[in-house]
Amino acid sequence: MKNADMAGIFEQMADFLEIRGENPFKIRAYRRAAQVIEHLPREVATMLAEGEDLKALPGIGEAIASKMAELVRTGHLVAWETLRDSLPEGLSTLLEIPGIGPKTAYRLATELGISSVDELEQAILEGKVAHLFRLGDRTAQNILHSIRSMRRKDQRIPLGQALPIVEEILSALRPLPGVRNLVPAGSLRRFRETLGDIDLMGTADNPEAIIRSFVSLPQVREVLAQGPTKASVILSGGLQADLRMVEHEAFGSLLQYFTGSRQHNIALRTRMQKKGLKLSEYGITDTVTDRLEKFSTEEAFYARLGLQYIPPEIREDRGEIDLAEKKAIPRLVERSDIRGDLHVHTNWSDGAASLEDMARAAKALGYQYLAITDHSGGLGIAGGLNEERLLKQMQAIRQLDERLEGIRLLAGIEVNILADGRLDLPDGILSRLDVVVASVHSALNQSEAKMTRRILKALENPHVDILAHPTCRLIGQREPIAVDLEAVFQAAAQHRKILEINSMPDRLDLQDISIYRARELGVLLAIDTDAHRPEHFDLVRFGIGMARRGWCRPAHILNCRPLEEVLSYLKRDEASRRTG
DNA sequence: GCCGTTTTCGGCCCGACTGTTTTCAGTCG
């Protein structure tokens, strides 16, 4: 049983209990547990096998810990099955419709016998829903509307698709007269890999005018709601975007509130409640004097709570509040820490730009070094390099490197890991390169055991330096390969290999919780772009976002180190392999 | 169901909006 499945079951437990009108705090406990499990950096099954006490996890007590153990041991949860069987069928499906909560779902199921979205649609059209007590025609039409818009769009979209849209909107609104602040909040600001909607926050002298401009942007397909300080719209891609404007003085608490995460805010408010402080988007209220204090910046807001500033990417209620109290939040990696890129392509293989163009683009960014790592040729990847062409390219790289001032070019390769774990270039030529990036591009459907052996074998090769996009996932398109990541991390730590954080927005691979775990195990990481054209260098911000979500400091990232240290790491690595 | 520098029992985050209502339940973020 994987963590994601287990989290799903506890989430459903919460839904079922809510439908049955159980204690709301019990329900919340199950939801919290589901969140915690979903974001664990290790599999629960592994933790149990190693004799760890699940009750040590936040939000997990006696009852839920034993249910988790039951799931791992038997693959079943009797309590969940009993609950499910006690309720009408199809309730979970109805709950997925926005605007339908547990109460409404239960009444639709029991009073009208509805068990699917199609049946619900039919019932609305026949006017049955509008006749239920406390549900009028208006509500019925709204439900119908959400059913139809739900069918139109896929739920969450990748960060990389959303960000350009957001930036377009921001650059249209920011120059308007009177605008003082305008920024994204929500999961976008926290750099979550997918988004359900877009939240924008702002302050302006004339908020209503900004709202009006927002709803009349060309990207807006439909206006869901529009008031003097808030509007919700559907963009042409089907994505929902909300804009909220507040007074300048309250911007800090607004931004904090809507950046979330929900779990972080709940933890924060619970804690401050005990100190007599009530937190909201308007500010902080002293519950004794009932006086509201406003904050124009997030920094001031956290400071008033006696906390160090907490970067948005780690606001997930995973211990950051305790650390902020002790002023011990780590200094997370930033873009300005990045000194080079160790995985890029050129038109020698499937890239779009020449060696020189890529090199100059990297230099323009102030990078100290750039590794050229085109594809190896064995597997039909467009223009992959065979041994002969690789030798020619090495020569071209060395020549260009001599000619170019201010940046060091490293000769490398992205070599395929074949189905049996061998590489598709011989050791002889790999040993002459500055850096060897290895990755899986074929036979993606292997069993977990086979795939794990395959990758471990590649990591045992003394010439391999970096394992690129370790799970091979494409967000929303291709599932990650089946692989025992814990074993990969341990092998990487043992052989002192580097794991990649691939910045391509549709990859983001490793993902945040894996980065967290790899770092914990002492694995060195590299934030690479896998750039295929100069503009791709900018994508590094996505990799940085992931690394920050994994609590990485610059010390955890190889390409935050200066050239000499990178070279000596790669070389020392080789020396240690020879002796070992 | 979880949790504890007020507590092993008695609490548990906060506010807005909507639609249906003459005071509020349900849903959402």
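Because the structure is predicted, anything quoted here is derived from the model rather than measured. Basis for what follows: all heavy atoms, side chains included, without hydrogens, waters or symmetry-related copies.
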Please list, one pair per line, the donor and acceptor atoms closer than 3.5 Å that link side chains of residues 272-280 of chain A to other protein atoms, with sequence neighbours excluded.
residue, atom, partner, partner atom, Å
A:K275, NZ, A:E325, OE2, 3.3
A:S280, OG, A:Y282, N, 3.1

Donor-acceptor pair between A:E11 and A:Y30 side chains, under 3.5 angstrom: no

Sugar-phosphate, base or nothing in reach of A:I266, heavy atoms under 4.0 Å: base

Between A:E320 and A:H264: side-chain donor-acceptor atoms closer than 3.5 Å: yes

Pairing nucleotide - B:dA25, Watson-Crick or G-U, each distance under 3.5 Å: B:dT18

Separation of atom NZ in A:K274 from atom P in B:dC3, rounded to whole Å: 11 Å

Distance, rounded to the nearest Å, where A:R271 contributes CZ and B:dG4 contributes C1': 12 Å

Interatomic distance, A:M201 CE vs B:dA16 C1' [rounded to whole Å]: 13 Å

B:dC2 to B:dT8 separation - C1' atoms, rounded to the nearest Å: 12 Å

Rounded C1' spacing from B:dG10 to B:dG15 in Å: 25 Å

Side chain to side chain, A:E247 and A:K294, heavy atoms closer than 4.5 Å: yes

Touch class at under 4.0 angstrom, heavy-atom based, for A:I60 against every strand present: sugar-phosphate

Inter-nucleotide C1' distance (B:dT18, B:dT23), Å rounded: 15 Å

Rounded distance (Å) that lies between atom P of B:dC2 and atom CD of A:Q273: 20 Å

Greater than 12 external heavy atoms within 6.0 Å of A:E479's CD: no

A:E89, CD: over 12 other non-hydrogen atoms inside 6.0 angstrom: no

N/O (side chain, A:N142) to phosphate O (OP1/OP2, B:dT18) under 4.0 Å: no

side-chain N/O A:K278 vs B:dG15 OP1/OP2, d < 4.0 Å: yes

B:dT7 glycosidic torsion: syn (within 90° of 0) vs anti: syn

Pairwise C1' distance, B:dT27 and B:dT20 [rounded to whole Å]: 14 Å

With sequence neighbours excluded, residues passing ring pair (Phe, Tyr, Trp, His ring centres under 6.0 Å) with A:F301: A:F295

Side-chain N,O (A:T139) to OP1/OP2 (B:dT18) below 4.0 Å: no

Whole-angstrom distance between B:dT21 and B:dG26, as gauged at atom C1': 13 Å

Most 5' of A:L135 and A:G59 on DNA chain B, judged by nearest nucleotide: A:G59

Rounded distance in Å between the P positions of B:dT6 and B:dG1: 28 Å

Between B:dG11 (C1') and A:M272 (CE): distance, integer Å: 18 Å

Atom-pair distance (CZ on A:F10; P on B:dG1), nearest Å: 11 Å

Using a cut-off of under 3.5 Å, enumerate the N/O to N/O pairs linking the protein to nucleotides 25-29 of chain B.
residue, atom, partner, partner atom, Å
B:dG26, O3', A:T104, OG1, 3.4
B:dT27, OP1, A:G101, N, 2.8
B:dT27, OP1, A:G101, O, 3.1
B:dT27, OP1, A:T104, N, 2.9
B:dT27, OP1, A:T104, OG1, 2.4
B:dT27, OP2, A:K103, N, 3.3
B:dT27, O5', A:G101, N, 3.4
B:dC28, OP1, A:G99, N, 2.5
B:dG29, N7, A:R262, NH1, 2.9
B:dG29, N7, A:R262, NH2, 3.3
B:dG29, N2, A:Y257, OH, 2.4

Separation of atom CG in A:D286 from atom C1' in B:dC14, rounded to whole Å: 17 Å

Spatial distance of atom CZ (A:R20) from atom CD1 (A:I27) [nearest 0.5 Å]: 11.0 Å

Value in whole Å for how far the P atom of B:dC2 lies from NZ of A:K26: 10 Å

